[in-house]
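Sequence lines set the chain letters: A, B, ... in the order given, protein chains first and strands last, and positions in each chain run from 1. Just the heavy atoms: all of them, side chains too, but no hydrogens, waters or symmetry mates, feed the values below.
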Amino acid sequence: MEFPLWLLDIGHDVADGFSEIRLWGIDDQGRRLMLVDRNFRPYFYLVPTDERGAEQLTAEIKGKRQSHPGIADVVVHETRFFGRPLCVVRIVCEEAANFSECVESMAKAEGVKEHLEDDLRPSYRYLLDNGLEPCGWHQVKNGKEVSRPGLRIDGIYELETAPIRVEKHIAPSLRMLSFTTVRLGGKGTPKPKTDPVVVISIATNEGEKKQFVTENRDDRQIIEEFGSYIQSFDPDLVVGYGSNTVEWPYLVERAKIHGLKLAVGRAGAEPHRSLYGHISVEGRANIDLADLAEGMPEVKVKTLWNFLGFLGVSVKEEVRLIEDFEIQKFWASIEARGELLEFAQEYASKILEAAKATMDFVMQLSSLTGMPLDYVIAAAVGFRVDSYLMRQAKRLGELIPRRFEQPYIPYRGAIVLEPKPGIHKKIAVLDFTSMYPNLMILHNISPDTLIQPESIDVEYTTIPEVGHRFRKEPPGFYKAVLSNLISVREDVKKKMAGLDPNSTEYGVLKEREKAIKVITNATYGYAGWVGARWYVREVAESTAALGRATLLKVIEMAKDMGIEIVYGDTDSIFVKYEPEAVEKLLLRTRQGLSMDVKIDKIYEPVIFTEAKKRYAGLLPNGKLDVVGLEAIRGDWANIAKTVQESVLELVLKDRSERRALEYVWKTASDVRAKKVPLREFIIWKTLTKPVGEYEARSAHVEVAKKLLSEGWDLAVGEKVSFVITKKPGKLFEKAQPYSLVTLDDIDAEYYVNSQIVPAAMRVLSVLGVSDAQLNSKEKLPSLSDFA
DNA sequence: GCCTGAATAGTACCA
DNA sequence: ACTGGTACTATTCAGGCG
């Protein structure tokens with residue numbers, strides 16, 4: 001039988017003694033299918049020593065075949081490695097089960113210099129070799145229908161040949177289920193050993209909302225019901241917020257305690273931990289949106305509510321946010337419990353909405369990088385690029401290097417100009433589009449074009465300052481990959497231009513374009529990451545050096561043309577906006593440097609302090625754009641951030657330092673008079689290592705210790721919230737979890753003197769306001785006359 | 001032992 | 001768990017003083 005298939009999940013397993021690849025997907029009729037391919041044989045490569053050669057090594061291995069029983073085939077393979085032709089030996093194994101043993105024994109064999117591509121998982125190997133694309137469409141040929149009892153699936157097919165990819169990016173309609181749990185602890189974070197799950201809330205994209213609640217702390221039944229519900233609804237996507245770290249491990253352990261099997265996979269498997277710390281649910285995509293929020297720097301504290309705020313998803317006003325430390329209190333009384341249940345239900349519904357708002361992008365990222373949907377969301381940027389490059393290496397006939405420990409040697413990065421402090425009007429920000437990727441393309445900067453000092457054979461480019469040399473021809477790996485990314489992105493943009501912006505296809509293409517951009521822009525950083533498969537320090541170092549040279553040249557040109565420069569950072573310069581002169585500069589730069597520059601934005605006024613990387617300006621639409629300053633930092637109290645933002649608005653829009661000052665005074669007096677709610681004083685800081693490893697004592701660490709001792713779980717990477725109280729002593733002694741204090745405990749003087757005033761003065765001091773002026777209202781009559 | 005300025009630790013930002 | 005460049009606060013350290 002022949003039919004199209006959209007690929008959702010891929011797995012590898014051994015059934016009836018046969019190693020099999022399982023593809024899970026959906027056809028054009030909406031049938032959920034499992035395809036089984038038993039023809040897969042894992043393999044890897046041996047690089048022979050120079051003396052030995054591939055032919056001889058092959059012959060030797062074949063001769064000693066009896067001593068390597070797991071080997072199905074040994075063949076000489078002509079390929080390339082880091083751009084150079086290389087003749088290697090491909091060792092094909094009988095079974096995936098004894099693959100690693102096979103690798104180990106062969107790697108030690110005589111005449112073997114290196115072993116390659118043995119570090120790919122079978123399912124990934126299969127995707128790669130057959131050009132399959134997760135979240136992409138394929139044509140299945142010669143599928144033979146078979147039956148296996150007990151599977152939640154509309155059909156099972158055995159494959160003779162792998163499906164063939166077809167270009168199409170619109171996903172079928174997927175069944176989505178979101179869920180959350182309420183766990184009832186004794187003291188601190190609930191522990192699965194002793195504390196039950198009391199509520200499991202579910203929402204589906206077919207409009208169903210459901211809640212499993214236990215009245216008596218016995219969660220056996222609700223866990224069973226949850227499992228059955230999943231099986232009967234049979235979702236393609238199971239979405240949670242924190243589900244990889246909290247809900248799934250918790251539910252699995254609770255189930256185990258009751259002797260239950262949480263068989264939620266499509267072939268009856270339990271959720272299990274997989275790559276990148278994520279949890280796999282067989283045949284479905286298990287998505288933890290907290291992983292996605294992790295990669296969004298705009299979302300400072302990674303709560304679902306903040307994530308929703310960033311996505312523009314609204315929350316029911318009447319539903320009160322209930323935090324972990326309040327759960328017991330809410331559970332205890334009958335009325336409050338109703339509120340808790342309502343909250344849990346809303347939480348599940350909002351997870352679903354967040355998923356709807358973000359899944360198109362994640363699917364595009366998945367199809368672009370070749371990582372299965374559930375992996376790509378959990379994987380760090382470096383691994384996404386890695387995966388993308390591995391696919392490209394396959395396309396270009398290159399072997400995939402292994403990842404190995406190597407020394408880290410830092411190198412010089414970008415240039416940042418001294419800003420001219422003060423307020424400037426009409427400033428244009430000119431920046432190079434995709435500067436690093438384009439420099440890499442322009443100068444053919446790549447791991448395989450780098451010339452070793454001893455061998456100079458061809459035409460090359462010498463990089464200024466650092467002296468590294470790169471072959472001009474042929475195009476290197478990075479050049480090939482990056483030009484491809486850029487041209488595909490252009491194609492996508494062109495296609496979008498001819499479409500209705502409200503159409504599904506337009507939306508999909510927009511997300512695809514975003515995904516391409518993310519990967520393109522991450523490539524330079526990837527090149528300088530020691531964990532990268534294609535890590536070569538000289539590549540990153542040279543790119544940065546070219547970036548510096550490029551920026552310096554534009555600065556030179558601008559100066560020659562008499563254009564005033566007020567600031568610049570890495571790939572941008574901020575210049576006085578005189579349209580004709582600036583247009584001319586753009587033109588000259590494009591011609592002179594073969595790099596595209598454009599006006600990124602215009603600040604009607606912009607204010608700089610003496611510090612680099614910190615400024616704020618007004619855009620033509622009147623929007624305040626704050627960069628680097630406290631107002632946008634996650635580790636300042638809200639009250640200080642709001643004050644700074646207002647000061648900026650008053651100074652830039654109203655041009656009134658007087659009103660700005662008055663605003664600061666008013667706020668300070670409100671703070672002292674306890675007229676400001678407690679939450680405005682909360683400060684958040686990330687715990688970057690285990691509490692025991694800190695050398696200095698600091699507020700967030702002391703608070704973390706306290707919470708830990710009270711039984712609360714705090715993982716490295718989490719943000720700790722605290723407020724500064726009137727307790728005497730050092731700051732770290734004054735800090736308390738905000739859940740334990742009231743407004744009366746707040747140290748108003750700290751917030752005024754160390755939060756509000758510094759944040760306000762950061763801006764006001766540029767305009768000549770002194771601390772003394774800010775502190776004493778009387779001495780300020782003349783300031784109001786701002787001409 | 002107290003005070004002060006310099007050095008260090010720690011965090012979050014920009015591009 | 002993509003890079004280097006940067007600002008900034010609070011703690012800690014080192015040295016002067018008495």
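Residues P249(A) and I279(A) have side chains in contact (heavy-atom distance under 4.5 Å, counting atoms from C-beta outward).
Minimum atom distance to the side chain of V416(A) is reached by dT6(C), of the listed dA10(C), dT11(B), dT6(C). The nucleotide whose nearest atom lies closest to any side-chain atom of E695(A) is, among dA15(B), dG10(B), dC8(C), dG10(B). Considering only the side chain of V627(A), dA15(B) comes nearest among dG10(B), dC13(B), dA15(B). Checked against dT6(C), dC14(B), dC8(C), the side chain of E630(A) finds its nearest nucleotide in dC8(C). Among dT9(C), dA12(B), dC2(C), the nucleotide with an atom closest to any side-chain atom of W636(A) is dT9(C). Picking from dG4(C), dT11(B), dT12(C) the nucleotide with the shortest atom distance to the side chain of F732(A) gives dT12(C). In the set dT11(C), dA1(C), dT11(B), dA1(C) carries the atom at the smallest distance from any side-chain atom of A380(A). Minimum atom distance to the side chain of A696(A) is reached by dA9(B), of the listed dA10(C), dA9(B), dA15(B). Taking the side chain of Y411(A) as heavy atoms from C-beta on, and the options dG5(C), dG4(C), dG10(B), the nearest nucleotide is dG4(C). Comparing dT11(B), dT9(C), dA1(C) against the side chain of H700(A) picks out dT11(B) as the nearest.
For the side-chain contact (heavy atoms from CB on, under 4.5 Å) with I639(A), the lone residue among V752(A), V671(A), I682(A) that qualifies is V671(A).
Rounding to the nearest 0.5 angstrom, the gap separating the OH atom in Y567(A) from the CD atom in E418(A) is 9.5 Å. Atom CD1 of I427(A) is separated from atom CD of E564(A) by 6.5 Å, given to the nearest 0.5 angstrom. Interatomic distance, L292(A) CG to Y241(A) OH, rounded to the nearest 0.5 Å: 8.5 Å. With values rounded to the nearest 0.5 angstrom, S542(A) atom OG is found 10.5 Å from H443(A) atom NE2.
Across every non-hydrogen atom of A637(A) and Y751(A), the tightest pair is CB-CE2, 3.8 Å.
Stacking of K689(A) on the aromatic ring of Y694(A) is recorded, both the 6.0 Å distance cut-off and the 45° axial limit being met.
Of the two residues contacting DNA chain C, namely I415(A) and Y524(A), the nearest-nucleotide position lying further toward the 5' end is that of Y524(A).
Here G525(A) lies in heavy-atom contact (under 4.0 Å) with a base. Note on I632(A): only backbone sugar-phosphate atoms sit closer than 4.0 angstrom, heavy atoms only; bases stay farther off. At the heavy-atom level, R548(A) lies nowhere under 4.0 Å from the strands shown. At the heavy-atom level, T523(A) lies nowhere under 4.0 Å from the strands shown. Across all strands, P297(A) comes closer than 4.0 Å to no nucleic acid atom at all (heavy-atom distances). Here G634(A) lies in heavy-atom contact (under 4.0 Å) with sugar-phosphate atoms only. Among the heavy atoms of the strands, none lies under 4.0 Å from S698(A). Looking at heavy-atom distances under 4.0 Å, R384(A) makes no contact with the nucleic acid at all. Counting any heavy atom pair closer than 4.0 Å across all strands shown, K734(A) reaches no nucleic acid atom.
What separates CD of E418(A) from P of dA7(C) is a distance of 7 Å, to the nearest Å. Rounded to whole angstrom, the span from the OH atom of Y408(A) across to the P atom of dA1(C) amounts to 11 Å. dC2(C) atom C1' lies 18 Å from atom CD1 of I409(A), rounded to whole Å. Distance, L389(A) CG to dC2(C) C1': 12 Å, rounded to whole Å. The OH atom of Y526(A) sits 15 Å away from the P atom of dA1(C) (whole-angstrom rounding). Across the protein-nucleic acid pair, Y567(A) atom OH and dC14(B) atom C1' stand 7 Å apart, rounded to whole Å. In this structure, W534(A) atom CH2 and dC2(C) atom P are separated by 16 Å, rounded to whole Å. What separates CZ of F574(A) from P of dA15(B) is a distance of 6 Å, to the nearest Å.
For K300(A), a side-chain nitrogen or oxygen approaches OP1 or OP2 of dC13(B) to under 4.0 Å. The phosphate of dT9(C) has neither OP1 nor OP2 within less than 4.0 Å of any side-chain N or O from Y750(A). The side chain of R697(A) contributes no N or O atom lying less than 4.0 Å from OP1 or OP2 of dT9(C). For the pair R403(A) and dA1(C), the criterion of a side-chain N or O lying under 4.0 Å from OP1 or OP2 is not met.
A salt bridge links E511(A) with K514(A): the closest approach of a Lys/Arg side-chain nitrogen to an acidic carboxylate oxygen falls below 4.0 angstrom.
For DNA chain C, the neighbouring residues in residues 597-617 of chain A, judged by any heavy atom under 4.0 Å, are A611(A), K612(A), K613(A), R614(A).
Residues F383(A) and W529(A) place their aromatic rings such that the two centres sit under 6.0 Å apart.
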